[in-house]
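Each remark here refers to the structure printed beneath this line.
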Amino acid sequence: MPHTTLPETPLSETPLPAPPGESTRFTDHLWDVTADLRRAIDGLEFLRRLGDGTLPVESFRTYIEQDGLYLEGYAKALALLASRAPDPVDGAFWATSAATAVTVEKSLHADLLGDPRLGDAPTTLEHSPACLGYVSYLTATAATDSYAVGAAAALPCFWIYAEVGRTLAASAREVLAADPDHPYARWVTTYDAEDFQVSAARAREVVDAAARDTGPDERARMTRAFVVALRYELLFWDTALHTTPWPAA
């Protein structure tokens with residue numbers, strides 16, 4: 001079970017979003033209905049200790065290993081969205097993001113895992129329950145639900161990471177000032193970097209555009225998909241520190 005308790009509002013009780021107007025954004029609605037989940041993420045011990053430099057090294061290594069596995073699945077989900085996007089410009093955004101996840105971010109993970117301060121790699125590596133659940137949900141949604149719903153499910157990885165990265169960069173300044181080569185520093189600076197923040201903002205625009213072309217039922221499914229993905233974001237981080245091993249075979 002996760003160390004952090006998830007907010008218990010049933011998905012069926014999620015407020016239905018109003019049609020996006022000229023002065024409103026569908027993604028603002030998504031942000032509003034997930035306020036409790038976002039507060040739970042902000043309060044995670046994992047993120048607090050990552051920011052202040054007190055996270056156990058083995059927990060950071062676990063996180064980076066699982067994030068590498070996650071990125072492989074996430075890239076497939078983004079590639080599916082690229083192939084289904086009705087707008088070629090939006091399709092190019094998803095395709096570029098998929099390529100970045102496979103090349104740039106995976107390279108960063110490999111460099112981090114090569115740091116001797118993180119210890120030796122395990123002999124075998126498999127998805128944690130949270131990681132497998134998350135990537136399975138994203139790829140299944142991108143492949144079997146509508147394009148708009150798949151895009152909404154993919155958004156939290158952009159948006160929440162951008163917000164967390166900005167917060168961690170601020171909280172980790174003292175740690176980085178004392179040790180610029182701190183093993184967690186490169187992760188923090190990656191997600192606070194301007195290019196990632198720009199990508200997160202662009203992902204919001206793409207989801208807003210998808211919402212404008214849908215009806216109320218599909219927007220409700222988009223909202224549910226965003227909520228589920230955000231729940232997985234919380235579980236993914238929390239179980240890096242408070243692990244939930246698979247039952248013995």
Side-chain angles (χ1 to χ4, degrees), residues 1-20 24-52 55 59 63 66-67 70 74 77 128-138 140-141 145 148-171 188 191-192 196-197 200-201 203-208 210-211 214 216-244:
M1 296 296 292
H3 183 78
T4 300
T5 302
L6 289 172
E8 296 182 353
T9 302
L11 288 178
S12 60
E13 296 180 12
T14 302
L16 292 176
T24 63
R25 298 183 65 175
F26 178 74
T27 53
D28 287 335
H29 158 74
L30 298 179
W31 202 245
D32 290 342
V33 299
T34 54
D36 288 344
L37 271 171
R38 291 187 290 103
R39 278 191 290 270
I41 289 173
D42 290 341
L44 283 174
E45 181 185 1
F46 172 84
L47 293 176
R48 174 179 59 79
R49 298 185 69 180
L50 178 63
D52 65 19
L55 184 71
S59 296
Y63 166 73
Q66 290 299 311
D67 201 42
Y70 165 81
Y74 189 56
S128 69
C131 181
L132 183 60
Y134 196 5
V135 297
S136 298
Y137 175 72
L138 289 175
T141 303
D145 212 318
V149 174
L155 179 59
C157 189
F158 284 92
W159 199 355
I160 297 303
Y161 263 83
E163 292 297 318
V164 166
R166 184 183 296 115
T167 301
L168 287 179
S171 66
V188 172
Y191 293 102
D192 185 47
F196 187 81
Q197 296 291 330
R204 283 191 65 191
E205 294 173 352
V206 173
V207 172
D208 282 328
T214 65
D217 290 344
E218 192 165 5
R219 286 194 294 273
R221 297 205 317 278
M222 292 175 72
T223 301
R224 287 193 288 271
F226 185 85
V227 170
V228 171
L230 201 56
R231 286 174 171 172
Y232 272 121
E233 287 286 340
L234 187 154
L235 291 172
F236 189 90
W237 276 317
D238 189 53
T239 55
L241 180 60
H242 307 286
T243 56
T244 53

Item to complete: Run the numbers on Ile160 and Trp237 for side chain to side chain contact (heavy atoms under 4.5 Å, CB included), then give the verdict.
Response: CA-CA 12 Å; Ile160 297 303; Trp237 276 317; 3.6 Å; yes
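Taking 4.5 Å as the limit, some side-chain heavy atom of Glu233 sits within range of a side-chain heavy atom of Tyr161. The side-chain heavy atoms of Leu230 and Ile41, taken from C-beta on, include a pair separated by under 4.5 Å. Contact of the Phe226 side chain with the Trp159 side chain is registered, since non-hydrogen atoms from C-beta on lie closer than 4.5 Å. Proximity of Arg219 to His29: side-chain heavy atoms (C-beta onward) are nowhere separated by under 4.5 Å. The shortest distance between side-chain heavy atoms of Thr223 and Phe26 falls below 4.5 Å. Here the side chains of Tyr70 and Leu138 are in contact, with some heavy-atom distance below 4.5 Å. Side-chain contact between Asp145 and Glu218 is absent, with no heavy-atom pair separated by less than 4.5 Å.
With hydrogens and angles ignored, the 3.5 Å screen pairs a side-chain donor or acceptor of Thr214 with a backbone N or O of Ala211. Judged by distance alone, the side chain of Asp208 and the main-chain N or O of Thr27 form a donor-acceptor pair under 3.5 Å. Tyr134 contributes no side-chain N or O that, together with a main-chain N or O of Tyr74, makes up a donor-acceptor pair within less than 3.5 Å. Arg38 places a side-chain N or O within 3.5 Å of a backbone atom of Trp31 that can act as its donor or acceptor partner.
Closest of all the heavy-atom pairs between Ala148 and Met222 is O-CE, 3.5 Å. Annotation for Phe196 and Ala162: closest pair CE2-N, 3.6 Å, computed over non-hydrogen atoms. Contact between Phe236 and Cys131 at its shortest, heavy atoms only, is CE1-CB, 3.7 Å. Taking every heavy atom of both residues into account, Leu37 and Val227 meet most closely at CD1-O, 3.9 Å. Heavy-atom minimum distance, Glu45 versus His242: OE1-NE2, 3.1 Å.
In summary, of the residues considered (Asp238, Val164, Asp52, Leu241), a side-chain contact (heavy atoms from CB on, under 4.5 Å) with Leu47 occurs for Val164 alone.
With sequence neighbours left out, the side chain to side chain contact (heavy atoms under 4.5 Å, CB included) criterion links Ala225 to Tyr137, Val149, Ala153. Every residue two or more places apart in sequence or in another chain that forms a salt bridge (Lys or Arg N to Asp or Glu O under 4.0 Å) with Glu163 is listed here: Arg166.
By the 4.0 Å N-to-carboxylate-O rule, Asp42 lies too far from Arg39 to be salt-bridged with it.
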